[in-house]
Amino acid sequence: MSGRLVGGLDLGGTKIQAALLDEKRAVLADTRRPTPSEGGPDDVVDALAAALGEVCGEAGVEASELAGVGIGSPGAIDSERGVVTGAGNLPGAGAPIEMAAGVLERTGVPAYLGNDVNVGVHAEYVLGAARESSSLLGVWWGTGVGGGLILDGRTWEGRGAAGELGHVVVKRDGALCTCGRRGCLEAYAGRGAMEIRARKLAGEGRKTDLFQLMEKHGRTRLQSGIWARALERDDELAIELIERALEALGAGIASAVNLLDVETVVVGGGLGTRLGEPYVQRIREAMQPHLFVDERPPDVRLAALGDLGGAIGAALLVPGKR
Ligand SMILES: [Zn+2]
């Protein structure tokens, strides 16, 4: 096959999504495989290499034909050294993972590392819902609430930790967050926090189908699809918790907009993508009372690249021919 091919790997807590892009950035093939749930850093790198091998096989190309592979990873990213630390949801419990060197060693393909939310937001900026904007806030609504910023056409990383929308305080002395602080947006809207609250309330005798649906679908966690099904059934507890999440999202996103006045807000992430446009509309409505310039709200859009956005964004990390 001729032309420049690049791979992208989106490393999540439960799955690795792989994509192969041609020189026009069209997706030639995509595959997914589970993230290892046991072992250590080596097992993560093995799985990434295997995912790359699978997607190449799917497209009928050799890994040696690739110009490079990008990896979007959770945790703290040292993109220069290609090392990830503190990714607590991956095997090894946050131990350093030499991802770029490990993937190069196993596949022969040069690997480039980026933050999973930032690469997903960047993909929406280059190819997705925010193509016409020069400033945007990406809201990745999933297990946590991730944020990514592009200001004046450039990813804004601050001193390395910008965009932590999930830890914007929406209620002083409010609910306990996974970060150990109180009142963060994520403590209300993160799927992890919503599940903890659902379990507590169900334990206190509140009626809900959430956990029956979870078991019926062979899950051990309340994944996005379970929330979506419960909402379709008008499950009262699910509705109550989602409304609580939407209120918090409205306040948190509007506060960020008051500070930055971005043109576009893109809503993605597992839950955002699964619940789709009707819930993006609910977010718009929940933001409105908190917007300082309320007659001119930003464009709030659903992520256009869906589930593949992370892998596509990761592929965009591979430097182009100059
Ligand atoms: Zn927090």
Side-chain angles (χ1 to χ4, degrees), residues 11-14 72-78 84-90 92-95 114-121 136-151 155-201 221-224 227 240-260 262 265-275 279 282-283 286-287 290 300 303 310:
L11 173 60
T14 54
S73 172
I77 310 296
D78 182 337
V84 172
T85 48
N89 290 329
L90 298 176
N115 168 276
D116 54 351
V117 175
N118 278 345
V119 301
V121 172
L136 87 108
L137 169 68
V139 179
W140 257 228
W141 185 19
T143 310
V145 178
L149 279 169
I150 290 179
L151 301 176
T155 297
W156 177 259
E157 292 179 334
R159 291 176 296 154
E164 289 293 352
L165 182 70
H167 304 283
V168 162
V169 175
V170 293
K171 187 170 184 183
R172 285 183 61 210
D173 296 325
L176 186 63
C177 183
T178 49
C179 73
R181 296 169 188 83
R182 285 194 174 273
C184 300
L185 168 54
E186 186 165 304
Y188 295 88
R191 203 178 53 203
M194 286 162 59
E195 174 167 343
I196 290 170
R197 186 159 175 87
R199 284 187 193 275
K200 175 169 177 279
L201 294 174
R221 306 245 75 121
L222 295 180
Q223 283 167 324
S224 302
W227 285 100
E240 182 184 306
L241 291 175
I242 288 278
E243 272 171 5
R244 188 169 175 262
L246 290 166
E247 290 292 319
L249 285 166
I253 298 169
S255 298
V257 169
N258 290 345
L259 181 68
L260 298 167
V262 290
V265 173
V266 176
V267 179
L271 201 50
T273 305
R274 184 65 175 76
L275 296 181
Y279 286 83
R282 301 279 302 276
I283 291 173
M287 285 168 61
H290 304 290
V300 183

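Numbering of ligands and ligand atoms starts at 1, following listing order. All heavy atoms count here, side chains included; hydrogens, waters and symmetry mates do not. All values derive from a computational prediction rather than experimental measurement.
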Is any side-chain N of the basic residue among Arg199 and Glu195 closer than 4.0 Å to the acidic one's carboxylate O?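 Counted as a salt bridge, because a side-chain N and a carboxylate O are separated by less than 4.0 Å.
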Does the salt bridge (charged side-chain N to carboxylate O under 4.0 Å, His left out) test come out yes or no for Arg244 and Glu240, once each step is laid out? CA-CA 6 Å; Arg244 188 169 175 262; Glu240 182 184 306; over 6 Å; no
Give me the atom names and distance for the closest heavy-atom approach of Gly270 to Ser224. C-OG, 3.3 Å
Indicate the atoms forming the closest heavy-atom contact of Trp141 with Ala189, along with that distance.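 Smallest interatomic distance, heavy atoms only, reads NE1-O, 2.7 Å.
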When you compare the side chain of Leu11 with that of Leu90, does any pair of heavy atoms fall below 4.5 Å? yes
Residue and atom, protein N/O/S, under 2.8 Å of the Zn ion (ligand 1): His167 ND1, Cys177 SG, Cys179 SG, Cys184 SG
Output side-chain donor-acceptor pairs under 3.5 Å for residues 162-183, partner residues at least two apart or in another chain, one line each.
unit_1	atom_1	unit_2	atom_2	d
Thr178	OG1	Glu186	OE2	3.3
Arg181	NH1	Cys179	O	3.4
Arg182	NH1	Gly174	O	3.1

